[in-house]
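Below you'll find the structure, written out as structure tokens, and then a few comments.
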Amino acid sequence: MSIAENLKHIQQQLPECVTLVAVSKTKPITDLQEAYHAGQRVFGENKIQEMTQKWEALPKDIQWHMIGHVQRNKVKYMAEYVSLIHGVDSLRLLKEINKQAKKHQRVISCLLQVHIAEESTKFGFSSAEIEEVLSAEEFTSLEHIKIVGLMGMATFTSDEEKISREFNSLQILFNDLKTKYKQRSNFDLQQLSMGMSADFPLAIAHGSTMVRVGSSIFGKRNYN
Ligand SMILES: *Cc1c(COP(=O)(O)O)cnc(C)c1O
């Protein structure tokens, strides 16, 4: 199937309130153009340099989401245009995003990445660490960032019960934090980013509002 057909097929499975992030990492500009012409406006990349090259080359009404691990020294390259950063996993990184956003006189929306997988290789906060950040006085003073949600990645496994448990734990944390910290001006949980090609229907069943789908749209990635 073509990229346009794949997009249509996936959109048909998404409730209206769920945003589809088309994960285009490693894919050529022509693939993104095809998705764009099919109506897709939200793209996800995991390398800042690659995302910036694509941003420069493509129409300016695209929303660029950084979904990968972010190195602090590279935040400056995307601060001008990035629309959502999914993988925020430290207060130090938030402070750098705040600093760079201020230079461009904007507020950058961020998601806090939560470690939900039982695997040890994935990045992210524990729930205790998130509460530590949200209670820190320093956090309250960050006026150029806004935490708009949480992001999580389930274990890479075919064990659906395990994936369900992991998504469920993130949904519970999301609902807890949403009520507990609702007074903060830079914190307003709206988005729960979870679900990829293999597990997005399960993620939606657990309250996902944003799915990050790559290979089911663009085909397998070639990392060579
Ligand atoms: C690559 C990637 C995806 C998309 O994965 P697919 O299995 O190709 O849909 C989603 N989220 C993150 C964080 C990724 O790095």
Side-chain angles (χ1 to χ4, degrees), residues 1-14 18-28 31-32 34-35 38 40-52 54 62-71 74-75 78 82-90 93 97 109-125 148-160 162-164 166-167 170-171 174 191-224:
M1 286 206 294
S2 70
I3 288 171
E5 285 168 331
N6 290 338
L7 275 169
K8 194 170 163 197
H9 179 69
I10 291 163
Q11 285 289 7
Q12 282 166 349
Q13 300 171 66
L14 303 181
V18 173
T19 301
L20 173 61
V21 181
V23 176
S24 48
K25 60 191 185 195
T26 78
K27 296 295 175 182
D31 282 7
L32 283 81
E34 197 175 332
Q40 184 64 29
R41 292 294 181 272
V42 183
F43 290 86
E45 291 282 335
N46 71 341
K47 296 225 159 59
I48 293 172
Q49 194 178 352
E50 182 179 342
M51 182 168 79
T52 301
K54 288 171 173 173
I62 289 177
Q63 294 169 38
W64 293 99
H65 288 200
M66 173 42 58
I67 63 167
H69 183 66
V70 178
Q71 287 171 273
K74 293 190 179 156
V75 171
M78 64 175 168
V82 69
S83 101
L84 182 63
I85 302 176
H86 289 235
V88 176
D89 61 356
S90 73
L93 176 58
I97 296 169
S109 295
C110 299
L111 307 179
L112 298 178
Q113 183 167 355
V114 185
H115 181 107
I116 52 169
E118 287 152 28
E119 299 172 282
S120 61
T121 54
K122 302 257 160 80
F123 295 104
F125 287 110
V148 299
L150 302 180
M151 182 270 221
M153 282 169 87
T155 302
F156 185 71
T157 172
S158 55
D159 181 349
E160 292 210 344
K162 186 180 168 106
I163 298 172
S164 261
E166 293 174 354
F167 284 157
L170 187 53
Q171 185 179 27
F174 180 80
Q191 303 294 344
L192 185 50
S193 165
M194 56 183 194
M196 318 190 351
S197 290
D199 57 19
F200 75 83
L202 210 49
I204 289 168
H206 288 284
S208 171
T209 67
M210 199 170 254
V211 295
R212 309 175 309 267
V213 178
S215 41
S216 293
I217 298 171
F218 297 106
K220 272 198 192 130
R221 286 177 293 273
N222 183 351
Y223 282 101
N224 299 317

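First listed ligand is number 1; within each ligand, the first listed atom is number 1.
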Exercise for review: Report yes or no: does V213 have a heavy atom closer than 4.0 Å to ligand 1?
Suggested key: yes
Point to revise | Ligand-side contact atoms (ligand 1) for residue partner G214, heavy atom cut-off under 4.0 Å | key: 4 (C), 6 (P), 8 (O), 9 (O)
Exercise for review: Look up atom OG in S24 and atom CG in N46, then write down how far apart they are to the nearest 0.5 Å.
Suggested key: 9.5 Å
Point to revise | N or O pair under 3.5 Å between R221 and ligand 1 | key: yes
Point to revise | Under 3.5 Å: donor-acceptor pair, side chain of K54, backbone of E45 | key: no
Review point. Quick one: nearest non-hydrogen protein atom to atom 9 (O) of ligand 1, plus distance?
Key: S197 OG, 2.5 Å
Point to revise | Side chain to side chain, D89 and H69, heavy atoms closer than 4.5 Å | key: yes
Check your understanding: With no hydrogens and no angle check, is any side-chain donor or acceptor of T209 less than 3.5 Å from a backbone partner on L192?
Key -> yes
Check your understanding: What do you reckon, does H86 put a non-hydrogen atom under 4.0 Å from ligand 1?
Key -> no
Practice item. Say whether N46, considering both its backbone and side-chain N or O atoms, lies within less than 3.5 Å of an N or O atom on ligand 1. Key: no
Review point. Can an N or O of I67 be found at a distance shorter than 3.5 Å from an N or O of ligand 1?
Key: no
Exercise for review: For T19 and M210, indicate whether the former's side chain and the latter's backbone hold a donor-acceptor pair under 3.5 Å.
Suggested key: no
Check your understanding: Can you tell which of M196, R212, M151, K25 gets a heavy atom nearest to atom 14 (C) of ligand 1?
Key -> K25
Exercise for review: Check whether any side-chain N or O of Q40 sits under 3.5 Å from a backbone N or O of L20 as a donor-acceptor pair, and report yes or no.
Suggested key: yes
